[in-house]
Amino acid sequence: MRFSKLFCPTLKESPNDAEITSHKLMIRSGMIRKLSSGIYNLLPLGLKVMRKFEAIVREEMNEVDGQECLLPSLIPSDLWKESGRWDKYGKELLRLTDRHSNDFCFGPTHEEVITDIAKKNIRSYKELPISLYQIQTKFRDEIRPRFGLMRGREFIMKDAYSFHANDESLSETYMQIRTAYQSIFKRCGLDYKIVQADSGSIGGANSEEFMLTAATGEDMIVDCPNCEYAANLEAATCSQVNISKSTNYSSENSNNTQSTTQDTAKTQSQTSDVTPSPESVLTPDMGTIEAVASHLKLPKNKCIKALLLFYGTVPIMVLVSGDDQLNECKLKIELDALFPEPQDIRFAEESDLQTLNLFHGFMGPSTLTDDQFQKGLIISDFRLKGIKGACAGANKKDYHLINLDEGRDFTPKYFFDLRNVQEGDTCPKCEKGTLSFVRGIEVGHIFKLGNTYSKAMKAEFLDQNGKTQPFEMGCYGIGIGRTVAAAIEQNHDEKGIVWPEELAPFSVAIVLIGHKDPDLTSAAESMYRSLKEEKIDVLFDDRKESPGRKFKDLELIGIPFQVVVGRSFKETGKVEWKCRRTGSNGCVGIDELSQTLNSLLTNGS
RNA sequence: CGGGGUGUGGCGCAGUCUGGUUAGCGCACCAGUUUUGGGAACUGGGGGCCGGUGGUUCGAAUCCACUCACCCCGACCA
């Protein structure tokens with residue numbers, strides 16, 4: 001490719017709305033342009049990088065017997081009604097109507113479609129297992145699209161689905177695809193972690209995420225330096241040790257049988273230390289844990305954070321320690337298990353508080369009267385089990401209660417693990433490592449779906465005994481655009497992108513300095529031709545631009561190697577090569593150029 | 001959805017508070033000349049219904065109302 005012919009509108013400055021490096025660099029390097037919020041044009045350079053990544057994904061998927069299909073992006077609502085998601089999937093689902101008033105959605109994911117294919121075309125266990133995948137444009141109407149391709153509304157995703165006669169077969173394929181994913185990210189030279197994920201509302205099945213570590217990542221990864229434990233913050237747990245240790249209260253309880261004789265002893269010794277009766281104290285305008293704790297000179301973990309939310313129509317007061325944060329994901333899982341029908345969780349609004357005669361910032365569990373909270377439920381995080389001398393809102397404006405003992409002054413109906421793990425907690429797996437937090441970008445998700453969809457949609461096959469069974473299913477996604485963006489987050493410097501060779505839009509750039517010199521021009525031209533013949537993907541910067549500009553553009557675009565045809569060629573007959581990543585360079589005669597480049601490209605520099 | 005912010009040539013901005021030249025600057029673009037190893041110099045040029053609609057006014061980018069688009073933030077306690 002000649003640069004003079006390439007449509008690559010580079011920019012010296014990045015537009016105002018680009019926040020993170022990858023977004024800025026993709027715009028500046030002429031890879032993408034925004035069309036609308038979360039919707040982007042992929043220009044030639046951007047598309048080329050995407051295609052290179054897709055090719056790697058295809059190779060690795062095919063390697064584990066994945067077979068590529070292409071499913072429609074527009075899906076009739078019937079299928080989504082069959083699975084039950086037409087009503088469940090919220091506003092993220094873009095719904096459309098055709099001229100016959102038939103409802104469709106723009107597929108945000110394709111479980112329904114693929115399950116329908118299996119249902120209609122797979123009869124026998126003999127045809128299983130089977131893995132199908134596609135690389136396709138999806139649409140999710142995100143509340144807040146941001147960061148360019150990182151969190152767009154329209155995006156390209158590789159999604160794979162596998163069908164099995166039994167769980168063992170599913171596990172086997174799951175592991176194969178897991179390995180394929182590892183090869184994919186490794187080949188691209190990307191720094192990734194596999195973390196345990198929240199399996200969401202679909203069921204307790206296995207689910208792991210592939211995360212690319214990056215400071216700008218939207219996800220928080222909890223990582224154990226001592227063992228291989230890593231989890232998404234939403235799913236992360238910690239050793240029971242922390243629960244008792246950090247609050248200094250007993251963790252004896254029925255739900256999580258970690259109690260030891262030591263714990264019991266501690267409880268007893270503390271019980272003898274009798275807390276005075278609860279007392280109401282004036283805390284004017286102190287609606288935050290921060291303010292209350294400092295006013296009452298109490299540590300934050302002696303203050304009870306009481307949150308009011310609704311599970312469907314049921315008011316739920318959730319208690320967590322003042323220094324903890326509620327993990328809504330964990331809460332949802334527990335509540336779903338408690339109630340017959342899964343519901344959405346929402347935080348109480350001002351009007352709800354008025355109805356219940358409660359006050360923002362002054363809520364607590366101990367003085368909730370029956371008429372206030374007759375239909376409600378108080379549940380608490382484990383860490384508050386057995387807390388003594390605590391402080392909580394008095395359910396009266398500007399008042400808090402102190403000297404509260406759990407069990408004496410308030411009694412939550414249930415105790416669960418409801419808090420976010422904190423940095424410094426102990427690893428739940430090895431019980432030794434101190435958990436630390438790393439930011440990451442979720443680029444892949446592998447998931448044992450089980451038979452949720454096949455059951456709902458009656459997608460069944462005949463097993464060896466001639467019995468009808470729903471398929472066991474797995475699903476496996478990779479965000480194509482997001483991976484490309486994340487690759488830039490991991491591979492850039494102040495000058496621009498530094499592509500890993502596998503993803504680079506071109507392997508080598510020939511820079512002609514001195515386009516008016518016929519000797520230089522013809523040397524560069526013949527070099528260009530011979531590299532092309534060698535099947536090296538070369539970009540020939542033949543533009544009649546100043547040298548500075550050419551160098552800047554090539555660095556911005558991030559081509560791994562540069563070959564300069566200019567002054568030194570005139571003087572010595574040799575051309576210079578330079579590595580974008582390491583800055584290493586050298587001179588080489590034209591005859592040896594392709595050999596040198598080939599060795600640089602295969603071995604790095 | 002709630003809160004905040006921004007819309008002025010392709011990009012980055014000034015001008016708006018305090019209404020009044022022909023709406024300006026840098027970069028980019030076009031032509032010519034000179035340049036050619038780190039985003040060149042000079043000269044000349046093109047390009048704007050100041051997001052849209054409606055109002056106030058002799059007069060609106062500027063004031064008012066509505067609207068649209070885009071961006072940022074959003075349990076920290078309930």
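We use all heavy atoms of the structure for the numbers below, so side chains are in, but hydrogens, waters and symmetry mates are not. In what follows, every chain begins at residue 1, and chains take the letters A, B, ... in the order their sequences are listed.
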Partner residues of [X] under the side-chain hydrogen bond (donor to acceptor under 3.5 Å, both in side chains) criterion, sequence neighbours left out:
| X | answer |
| --- | --- |
| A/D141 | A/R153 |
| A/E489 | A/S22, A/T216 |
| A/D17 | A/K34 |
| A/E13 | none |

Quick one: side chains of residues 554-567 of chain A, donor-acceptor pairs under 3.5 Å with protein atoms, not counting sequence neighbours, listed by atom name and distance.
none

Name the one of A/K305, A/R383, A/K330 that satisfies salt bridge (charged side-chain N to carboxylate O under 4.0 Å, His left out) with A/D324?
->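 Of A/K305, A/R383, A/K330, salt bridge (charged side-chain N to carboxylate O under 4.0 Å, His left out) with A/D324 is met by A/R383 alone.
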
At under 4.0 Å between heavy atoms, what does [X] touch on the DNA or RNA strands: base, sugar-phosphate, or nothing?
| X | answer |
| --- | --- |
| A/E571 | nothing |
| A/S568 | base |
| A/K34 | sugar-phosphate |
| A/D517 | nothing |

Excluding sequence neighbours, so at least two apart, what forms side chain to side chain contact (heavy atoms under 4.5 Å, CB included) with A/V314?
->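 Result, side chain to side chain contact (heavy atoms under 4.5 Å, CB included) vs A/V314: A/I316, A/F339.
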
What residues form a side chain to side chain contact (heavy atoms under 4.5 Å, CB included) with A/I156, not counting sequence neighbours?
->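 Testing A/I156 for side chain to side chain contact (heavy atoms under 4.5 Å, CB included), a comparison that skips the adjacent residues, returns A/L42, A/M50, A/E54, A/I135, A/T137, A/I480.
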
For [X] and [N], what is the distance between atoms [atom1] and [atom2] respectively, to the nearest whole Å?
| X | N | atom1 | atom2 | value |
| --- | --- | --- | --- | --- |
| A/M363 | B/C76 | CE | P | 12 Å |
| A/R151 | B/C70 | CZ | P | 17 Å |
| A/E142 | B/C70 | CD | P | 15 Å |
| A/K300 | B/C76 | NZ | C1' | 8 Å |

May I ask which nucleotide in the shown strands pairs with B/G32, Watson-Crick or G-U wobble, both distances under 3.5 Å?
->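 B/C42 is the nucleotide pairing with B/G32.
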
Watson-Crick/G-U partner (both atom distances under 3.5 Å) of B/C11 =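 When the pairing criteria are applied, B/G26 turns out to be the nucleotide that pairs with B/C11.
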
Please tabulate, for the side chains in residues 396-403 of chain A, all donor-acceptor contacts under 3.5 angstrom to protein atoms that are two or more places apart in sequence or on a different chain.
{"unit_1": "A/D398", "atom_1": "OD1", "unit_2": "A/D285", "atom_2": "N", "d": "3.0"}
{"unit_1": "A/H400", "atom_1": "ND1", "unit_2": "A/T283", "atom_2": "OG1", "d": "2.8"}
{"unit_1": "A/N403", "atom_1": "ND2", "unit_2": "A/S277", "atom_2": "O", "d": "3.2"}

Could a donor-acceptor pair under 3.5 angstrom be found where the side chain of A/E576 meets the base of B/G37?
->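 Such a pair is found, so the answer is yes.
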
Check RNA chain B against residues 19-32 of chain A and give the residues with a non-hydrogen atom under 4.0 Å, in numerical order.
->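 Under 4.0 Å from RNA chain B: A/E19, A/R28.
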
Dump every N/O contact between nucleotides 1-3 of chain B and the protein below 3.5 Å, one line per pair.
none

Could you name each residue pair satisfying ring pair (Phe, Tyr, Trp, His ring centres under 6.0 Å) that touches residues 24-50 of chain A, not counting sequence neighbours?
->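 Qualifying pairs: A/H23-A/Y40.
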
Between the protein and nucleotides 23-33 of chain B, list the N/O to N/O atom pairs that are separated by less than 3.5 angstrom.
{"unit_1": "B/G26", "atom_1": "N2", "unit_2": "A/E13", "atom_2": "OE1", "d": "3.4"}

